[in-house]
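Given the structure is predicted, the values throughout are model-derived calculations rather than measurements. Atoms within a ligand are numbered from 1 in the order they appear, just like the ligands themselves.
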Amino acid sequence: MEVLSVASEAYPLVKTGGLADVAGALPAALRAEGVHVRTLLPGYPPVLAALGPAESAWVFEDFFGGPARLLAGTAGGLDVFVLEAPHLYDRPGGLYAGPDGRDFPDNARRFAALARAGADIALGLLPAWRPAVVQAHDWQAALLPAYLEYSGATRPGTVMTVHNLAFQGQFPPALLGALGLPPHSFSNLGVEYYGFIGFLKAGLLFADRVTTVSPTYAAEICTPEGGMGLDGLLRGRGSAVSGILNGIDAAIWNPAADALLAATFTATTAARRAANRAAVQARLGLAADAAAPLFAVITRLTWQKGMDLLPGAIATLLEAGGQLAVLGNGDAPLEAAVRAAAAAHPGRVGCSIGYDEQLAHLIQGGADALLVPSRFEPCGLTQLCALRYGTVPVVARVGGLADTVIDASPVALASGVATGVQFAPVSADMLAAAIRRTAALYRQPAAWQRLQANGMATDVSWRDPARRYAALFAEIAA
Ligand code: ADP
């Protein structure tokens with residue numbers, strides 16, 4: 001089966017978040033399921049630079065305000081179409097914002113163009129290649145199902161995949177014509193969303209299926225608490241909304257052969273983790289204490305991630321005999337709070353403020369427990385890495401965290417299936433209680449080793465998710 005995946009970023013070419021990981025990893029995993037994916041990406045300079053010999057598959061003389069070409073080739077291990085449109089994508093700054101950090105003023109046009117190109121391919125622009133299914137990722141690609149709807153033509157099946165409902169793409173109604181949307185589309189039953197053009201709203205409304213990246217998040221976004229204004233629409237879609245968990249790249253995240261670790265290990269040689277633990281302690285200025293449970297945090301330092309609760313939990317963590325290692329960056333006040341905690345508790349709290357892939361691997365390979373107190377979490381990848389590396393995840397019971405960690409309740413411990421600790425609701429008190437519970441488990445070596453071994457035996461690869469996507473695609477292609 002041929003599938004067109006339309007995304008505004010894909011690892012390893014361009015990445016700002018989990019969307020890139022999924023768009024980059026899923027095609028290879030789907031190959032094993034007999035699904036061939038071509039990925040349509042914007043022609044950002046790094047994407048064009050990575051593109052091997054490419055064929056000019058289509059030329060648009062005037063595409064959203066300038067000339068554009070559709071290039072077909074391979075880049076970053078993906079079969080890609082690249083929308084080369086210098087007036088839209090060749091500029092300094094990030095993918096969505098300029099060097100000053102402000103969103104580009106023409107983002108509506110930049111990503112409507114991406115969706116329009118995807119819709120044209122879906123409708124047969126390239127006679128040699130027509131997909132059976134189109135997968136649109138996040139708001140940047142979400143006008144695609146609307147363009148197909150308003151074309152009135154026979155079309156492939158469509159899936160709208162939501163990686164984070166918080167980003168919805170809302171733009172002024174005056175842009176309707178410039179985006180190539182018909183006047184009658186500006187209604188409640190079209191692209192209109194609280195007086196704006198809602199890109200994600202349109203995708204959620206018109207796609208055959210809506211997926212998000214965990215079953216629990218799929219349920220949460222249908223509630224007023226988690227729906228961010230779209231819960232009514234999503235409830236109306238009924239069983240068309242479902243969740244498929246993300247995986248992680250089992251080759252990059254493989255503790256048995258990870259060159260970024262001080263010592264590699266497997267489930268049967270988990271004692272070798274001590275060398276990684278010592279390396280983390282040395283790197284972050286923590287005391288070389290072999291007995292203290294080493295808690296870690298690897299995250300964006302934001303409210304979504306519950307990081308405002310972390311400083312308040314440190315006293316409990318230290319009373320429980322623990323150490324804390326923090327790797328993260330994000331909101332300036334939260335960065336300052338972490339630095340202050342490290343300064344106040346030398347040898348017990350250490351931090352590295354920044355984004356550091358190598359240190360993330362080392363911490364996963366050496367820490368005892370990973371704290372993930374997110375307020376909402378569509379899937380979460382860091383707890384999946386922790387499971388694979390024998391770091392026991394201590395997570396808020398939300399979204400994908402609820403789906404991927406089995407709480408060490410008395411029953412789960414007795415039956416030997418627990419993989420971590422969950423807590424709810426997300427509050428300073430419950431986080432502190434979870435830390436106390438984790439420290440107590442740590443002092444029961446048999447139970448702790450069982451938690452670690454169960455986590456390491458959990459399949460967090462893309463294999464099962466790819467099967468689920470393949471089954472979904474098969475259903476809507478038919
Ligand atoms: P989100 O995409 O919402 O930030 P996820 O848990 O889905 O959160 O994915 C984030 C990924 O990036 C995880 O693998 C996490 O370990 C990693 N990460 C987050 N912050 C850092 C950092 N400061 N340095 C290195 N890796 C990080």
Side-chain angles (χ1 to χ4, degrees), residues 7-12 14-26 95-96 137-138 161-167 212-214 216-217 220 243-255 258 260-261 280 283-284 295-307 310 324-332 334-335 338-339 342 350-367 369-389 391 393-396 398-405 420 460-462 465:
S8 57
E9 48 185 277
Y11 182 85
V14 276
K15 169 171 170 172
T16 69
L19 156 63
D21 289 318
V22 178
L26 195 49
L95 306 184
Y96 313 117
H137 295 275
D138 274 354
T161 297
V162 182
H163 300 267
N164 190 336
L165 196 69
F167 305 109
T212 186
V213 290
S214 69
T216 294
Y217 192 59
E220 288 169 353
I244 299 177
L245 282 170
N246 289 336
I248 55 172
D249 187 323
I252 294 174
W253 291 98
N254 177 9
D258 186 336
L260 302 176
L261 295 178
V280 172
R283 180 90 185 260
L284 295 182
F295 289 85
V297 171
I298 306 171
T299 188
R300 292 186 284 120
L301 294 169
T302 64
W303 181 88
Q304 179 200 332
K305 301 292 182 182
M307 282 298 115
L310 188 65
L324 176 63
V326 181
L327 168 60
N329 58 358
D331 297 349
L334 297 176
E335 290 185 354
V338 168
R339 281 203 176 95
C351 72
S352 172
I353 302 298
Y355 189 93
D356 186 337
E357 201 87 31
Q358 190 261 331
L359 184 56
H361 281 246
L362 188 64
I363 292 175
Q364 292 284 16
L370 185 83
L371 299 175
V372 194
S374 304
R375 290 201 167 79
F376 69 94
E377 194 63 79
C379 177
L381 298 176
T382 175
Q383 85 282 9
L384 301 181
C385 302
L387 287 168
R388 186 146 164 79
Y389 277 58
T391 298
V394 180
V395 305
V398 297
L401 301 175
D403 294 333
T404 54
V405 174
V460 292
S461 75
W462 275 103

I need the nearest protein heavy-atom contact for atom 8 (O) of ligand 1: residue, atom name and distance, please. K305 NZ, 3.0 Å
Residue and atom name of the nearest protein heavy atom (relative to atom 24 (N) of ligand 1), distance in Å to one decimal: D356 N, 3.0 Å
Specify side chain, backbone, both or neither for L381, according to which of its non-hydrogen atoms lie closer than 4.0 Å to ligand 1. both
Among protein heavy atoms, which sits nearest to atom 15 (C) of ligand 1, and what does the distance come to when rounded to 0.1 Å? T382 CB, 3.8 Å
For the NZ atom of K305 and the CD atom of E377, what is their distance to the nearest 0.5 Å? 3.5 Å
Side chain, backbone, both or neither: the part of T299 lying under 4.0 Å from ligand 1 by heavy atom: backbone
Is any heavy atom of the protein nearer than 4.0 Å to atom 10 (C) of ligand 1? no
Quick one: which of S352, G354, G18 has a heavy atom closest to atom 23 (N) of ligand 1? G354
Return the closest protein heavy atom for atom 4 (O) of ligand 1 as residue, atom name and distance. R300 NE, 2.8 Å
Nearest to atom 22 (C) of ligand 1 by heavy atom, Y355, W253, F376: which? Y355
Is any side-chain N of the basic residue among R283 and D356 closer than 4.0 Å to the acidic one's carboxylate O? yes
Assess C379 for proximity to ligand 1: is some non-hydrogen atom of it under 4.0 Å away? no
Taken to the nearest 0.5 Å, the spacing of M307 CE from L301 CG works out to 7.0 Å
Evaluate the criterion side-chain hydrogen bond (donor to acceptor under 3.5 Å, both in side chains) for residue pair Y389 and D258; output intermediate values, then yes/no. CA-CA 10 Å; Y389 277 58; D258 186 336; 2.5 Å; yes
If you measure from each non-hydrogen atom of Q383 to ligand 1, which part falls under 4.0 Å: side chain, backbone, both or neither? neither
Atoms in ligand 1 flagged as close to I298, the criterion being non-hydrogen separation under 4.0 Å: 16 (O), 18 (N), 21 (C), 26 (N), 27 (C)
Is the backbone N or O of L19 less than 3.5 Å from a side-chain atom of E9, with the two atoms forming a donor-acceptor pair by type? no
Supply the atom-to-atom distance L327 CG to L284 CG, rounded to the nearest 0.5 angstrom. 8.0 Å
Residues two or more places apart in sequence or in another chain: which of them pass side-chain hydrogen bond (donor to acceptor under 3.5 Å, both in side chains) with T404? Q383
Non-hydrogen protein atom less than 4.0 angstrom from atom 27 (C) of ligand 1: yes
